[in-house]
Amino acid sequence: MRVSRFLLSTTKETPADAEVISHQLMLRAGMIRKVASGLYSWLPLGLRVLRKVETIVREEMDRSGAQELLMPVVQPAELWQESGRWEQYGPELLRMQDRHQRDFCLGPTHEEVITDIARREIRSYRQLPANFYQIQTKFRDEIRPRFGVMRAREFLMKDAYSFHLDTDSLQQTYDLMHQTYCRIFSRLGLDFRAVQADTGSIGGKSSHEFHVLADAGEDDIAFSTQSDYAANVELAAALPPIKPRQAPGANMASVATPGQHSIEEVSNFLGIGASQCLKTLLVQGANNDVVALVLRGDHSLNEVKAEKLPQVHVPLTFATAEQVRAIASCDPGSIGPVGLRIRVIADHSAAQCSDFVCGANHDGRHLTGVNWGRDLPEPATADIRKVVTGDPSPDGKGEIAIRRGIEVGHIFQLADKYSQALNASCLDETGQGRIMQMGCYGIGVSRVVAAAIEQNHDDRGIIWPQALAPFQVALLPINLHKSPRLQDEVNTLYDELCNAGIEVMLDDRKERPGVMFADMDLIGIPCRVVISDRSLESSTVEYKGRRDSQSEDIPRENIIAFLRNKLSVC
RNA sequence: CGGGGUGUAGCUCAGUCUGGUAGAGCACUGCCUUCGGGAGGCAGGGGUCGUAGGUUCGAAUCCUGUCACCCCGACCA
């Protein structure tokens with residue numbers, strides 16, 4: 001490709017509304033342009049990268065035995081009503097009507113459509129297992145689209161759906177997809193982790209998210225420092241403390257804490273650590289009642305864990321101010337577990353505290369020297385907090401460390417959630433109809449592009465992993481317009497590179513060298529070859545890798561072999 | 001949804017308080033000089049100041065409505 005025939009729309013200035021690096025660089029490099037909030041056009045440069053991701057995903061899905069198909073973006077309401085999601089889905093589902101006032105939606109995902117296909121087409125167990133995938137645009141009407149294509153409303157996704165006669169078969173394909181995803185993200189050159197994830201409202205036994213590790217990520221991932229344990233923080237178990245609770249050493253006393261509400265305020269006011277304070281959260285119970293959740297002051301409630309308690313209402317809802325006053329006769333900020341006449345559930349680590357401080361259920365007062373068993377009943381205990389750095393790893397090996405991750409893949413077992421609702425069954429060996437088991441496997445293709453940049457950039461621009469680069473080699477002639485001889489030479493070299501199957505971008509603009517260097521660094525081409533009258537004299541060309549600090553002279557006749565070697569190694 | 005902010009040239013922004021008929025840098029076009037890390041000069045093109053209405057002799061500027069975009073918030077207990 002010659003730059004003179006290519007839309008290379010780079011800018012020096014960073015658009016004001018781009019917050020994260022990947023968004024800034026994608027705009028500056030001329031990969032994407034915003035059309036409306038959360039909606040982007042992919043310019044030629046960006047599309048080349050997107051296609052690279054697609055190609056790798058497609059190759060590995062095909063290799064795993066999955067079959068590609070393509071389903072419509074616009075889907076009829078009837079299918080969604082059948083699964084129950086027309087009502088369940090909130091405003092994220094963009095609904096519309098056609099000219100006949102029939103209801104449709106833009107597909108945020110395709111379980112309904114694929115299940116409809118399966119129930120029509122699959123008759124016999126002999127056709128199973130089957131795994132269908134597509135690479136298709138999705139639409140989710142996000143409350144707050146941000147970070148460019150990282151959290152856009154319209155995005156490109158690879159989604160696959162597998163069908164099985166039984167759960168063993170489902171597990172096998174699930175495991176195969178786990179391996180396939182590892183292959184895909186390895187080939188993409190990304191530093192990623194497969195982490196145990198919450199199965200959410202869908203339920204099912206296991207679920208894994210694939211995260212690219214990057215500070216701009218929106219999820220917290222908990223790792224073991226010594227094993228390969230990794231889990232979404234929402235899921236990571238906090239083990240109960242091993243040490244027994246210390247015996248009470250103080251008498252309970254009520255102290256005035258005027259205007260001190262938060263744990264931080266109270267602990268500062270009393271001059272004690274936050275871990276010596278307990279916080280009490282009143283939430284709606286499952287039986288139209290109110291439940292108190294007690295945590296150590298330095299810990300945070302894990303809402304996902306709390307929702308799994310049978311006594312707690314789903315979704316987790318905090319008690320209203322009126323309920324708080326009725327139960328604790330004080331404002332939030334002074335609640336404590338002592339004397340509460342409702343169910344109290346304490347986190348394991350809160351239950352281990354002794355001589356602690358808590359709200360006195362009296363505005364402007366707290367209790368000190370409080371002890372379970374003596375001043376109030378021993379509480380029911382559960383794991384309801386978020387793990388923190390330094391906690392023991394749930395698998396018993398090492399400690400927890402927490403890093404940010406960008407979710408680029410998610411696999412889970414749907415079991416019969418959709419096949420049951422849509423009555424997707426087939427005949428088994430005995431001729432009996434059986435509801436099929438389903439798995440679901442997604443990769444955010446457009447998000448992968450942003451994630452790759454978050455992980456691979458410097459102050460000059462993007463540094464593409466070899467597999468994602470829009471072009472493999474940038475060929476930069478210096479002062480091309482002045483030297484007919486250089487023009488001949490560079491054209492010859494360009495043809496040689498193209499014939500060698502190397503994707504090369506020839507900068508044939510009448511630009512100064514600094515401009516060309518800066519542009520090629522910005523758009524992140526991994527290999528740079530500079531050719532000039534000077535190099536013609538010595539029969540060499542100059543090579544520099546995007547991450548290299550120094551260039552090296554390569555004999556002209558060796559350059560193709562040299563580049564081939566570089567490209568295969570990278 | 002609540003709170004805050006911004007809409008002026010393709011981009012980044014000044015001008016708004018104090019009304020007088022629109023500017024800078026970058027980008028773009030032409031010419032000259034320069035020529036190995038985002039050069040310099042000269043000349044030029046480009047804006048119904050988001051939009052609708054109002055006040056006024058006169059509105060980018062003041063008032064009202066409206067639309068779009070951005071940021072923050074939804075565990076004080």
Side-chain angles (χ1 to χ4, degrees), chain A residues 8-19 23-24 27-28 30 33-39 90-91 143-148 257 259-269 274 277-283 290 292-297 299-304 306 315-321 323-325 327-337 340 350 357-366 384-386 459-461 476-483 486 507 509-522 528 530-535 542 544 549 551:
Chain A
L8 189 66
S9 287
T10 56
T11 61
K12 274 190 265 191
E13 288 178 285
T14 304
D17 55 1
E19 283 182 275
H23 190 196
Q24 292 169 1
L27 289 168
R28 286 190 53 209
R33 289 292 181 258
K34 185 166 80 172
V35 177
S37 179
L39 305 176
I143 310 175
R144 260 187 79 192
R146 56 184 141 177
F147 305 150
T257 50
Q260 312 300 311
H261 300 297
S262 68
I263 290 293
E264 189 184 356
E265 288 165 357
V266 171
S267 61
N268 285 340
F269 183 81
C277 300
L278 296 193
K279 59 176 153 189
T280 308
L281 284 60
L282 300 187
V283 302
V290 174
L293 303 177
V294 180
L295 291 154
R296 228 167 68 184
H299 288 153
S300 315
L301 178 68
N302 182 325
E303 299 191 15
V304 171
L316 187 83
T317 312
F318 284 86
T320 62
Q323 287 175 313
V324 170
R325 182 143 293 275
I327 290 163
S329 61
C330 65
D331 287 330
S334 300
I335 309 176
L340 274 190
V357 170
C358 63
N361 298 323
H362 187 294
D363 283 337
R365 299 198 75 85
H366 280 73
I384 53 173
R385 70 174 173 95
K386 285 182 184 165
D459 53 0
R460 290 193 303 232
L476 307 187
I478 305 296
N479 294 321
L480 182 65
H481 61 284
K482 278 190 174 174
S483 168
L486 183 59
D507 198 340
R509 294 176 297 178
K510 189 182 170 184
E511 280 291 357
R512 300 159 54 83
V515 173
M516 297 195 289
F517 295 155
D519 272 346
M520 294 304 136
D521 284 347
L522 175 60
R528 187 182 85 187
V530 174
I531 182 168
S532 64
D533 275 328
R534 185 204 295 172
S535 64
E542 190 179 300
K544 180 176 169 300
S549 54
S551 62

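Just so it is clear, the model here is predicted, and its values are computed rather than measured. Proteins get letters first, then strands, A, B, ... in listed order; numbering begins at 1 in each. These values consider heavy atoms only, across backbone and side chains, with no hydrogens, waters or symmetry-generated copies.
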Could a donor-acceptor pair under 3.5 angstrom be found where the side chain of A:Asn479 meets the base of B:G36?
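Answer is no: no donor-acceptor pair is held.
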Any N or O donor-acceptor pair under 3.5 Å from the base of B:G38 to the side chain of A:Arg28?
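Such a pair is found, so the answer is yes.
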For A:Val324 and A:Asp331, what are the C-alpha separation, side-chain angles and deciding distance, and is it a side-chain contact (heavy atoms from CB on, under 4.5 Å)?
CA-CA 7 Å; A:Val324 170; A:Asp331 287 330; over 6 Å; no
Heavy atoms of other groups near A:Glu264 CD, more than 12 under 6.0 Å:
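No.
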Using the [atom1] atom on both, measure [N] against [M] and round to a whole Å.
N	M	atom1	result
B:C49	B:U33	P	42 Å
B:C1	B:G58	C1'	42 Å
B:A9	B:G50	P	8 Å
B:U8	B:U21	C1'	14 Å
B:G20	B:A60	P	9 Å
B:U64	B:C26	C1'	37 Å

Searching all strands shown, indicate the nucleotide that pairs with [N] (Watson-Crick or G-U wobble; both distances under 3.5 Å).
N	result
B:A43	B:U29
B:G7	B:C67
B:G73	B:C1
B:U34	none

With a 4.0 Å cutoff (strictly under), does any side-chain N or O of [X] reach OP1 or OP2 of [N]?
X	N	result
A:Lys12	B:A27	yes
A:Arg512	B:A39	yes
A:Lys34	B:C70	yes
A:Ser37	B:C70	yes

Looking at the side chain of [X], which of [options] is the nearest nucleotide?
X	options	value
A:Glu13	B:C35, B:C26, B:G36	B:C26
A:Arg534	B:G38, B:U34, B:G36	B:G36
A:Phe517	B:A77, B:G37, B:C75	B:G37
A:Glu19	B:G36, B:C1, B:C71	B:C71
A:Leu301	B:G36, B:C75, B:G38	B:C75

Hey, are the side chains of A:His261 and A:Val266 touching, using non-hydrogen atoms and a 4.5 Å cut-off?
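A:His261 does not reach A:Val266 side chain to side chain.
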Using a heavy-atom cut-off of 4.0 Å across all strands, would you classify [X] as base, sugar-phosphate, or nothing?
X	value
A:Lys510	nothing
A:Arg460	base
A:Asp521	base

What's the shortest heavy-atom distance between A:Leu480 and A:Leu486, and which atoms?
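Shortest heavy-atom contact: CA-CD2, 4.0 Å.
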If each of A:Arg528 and A:Gln260 is mapped to the nucleotide of RNA chain B with the nearest heavy atom, which maps nearer the 5' terminus, i.e. the 5' end?
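Looking at RNA chain B, the more 5' nearest nucleotide goes with A:Arg528.
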Which sits closer to the 5' end of RNA chain B, A:Thr14 or A:Ile335, going by the nucleotide each is nearest to?
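Counting from the 5' end, the first nearest nucleotide belongs to A:Thr14.
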To the nearest 0.5 Å, tell me how far A:Ser267 OG sits from A:His366 NE2.
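If we round to the nearest 0.5 Å, A:Ser267:OG and A:His366:NE2 are 10.0 Å apart.
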Rounding to an integer number of Å, can you tell me how far A:Ile263 CD1 sits from B:C75 P?
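My rounded result for the distance is 16 Å.
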Decide, yes or no, whether a salt bridge links A:Asp519 with A:Arg509 under the criterion of side-chain N to carboxylate O below 4.0 Å.
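A salt bridge links A:Asp519 with A:Arg509.
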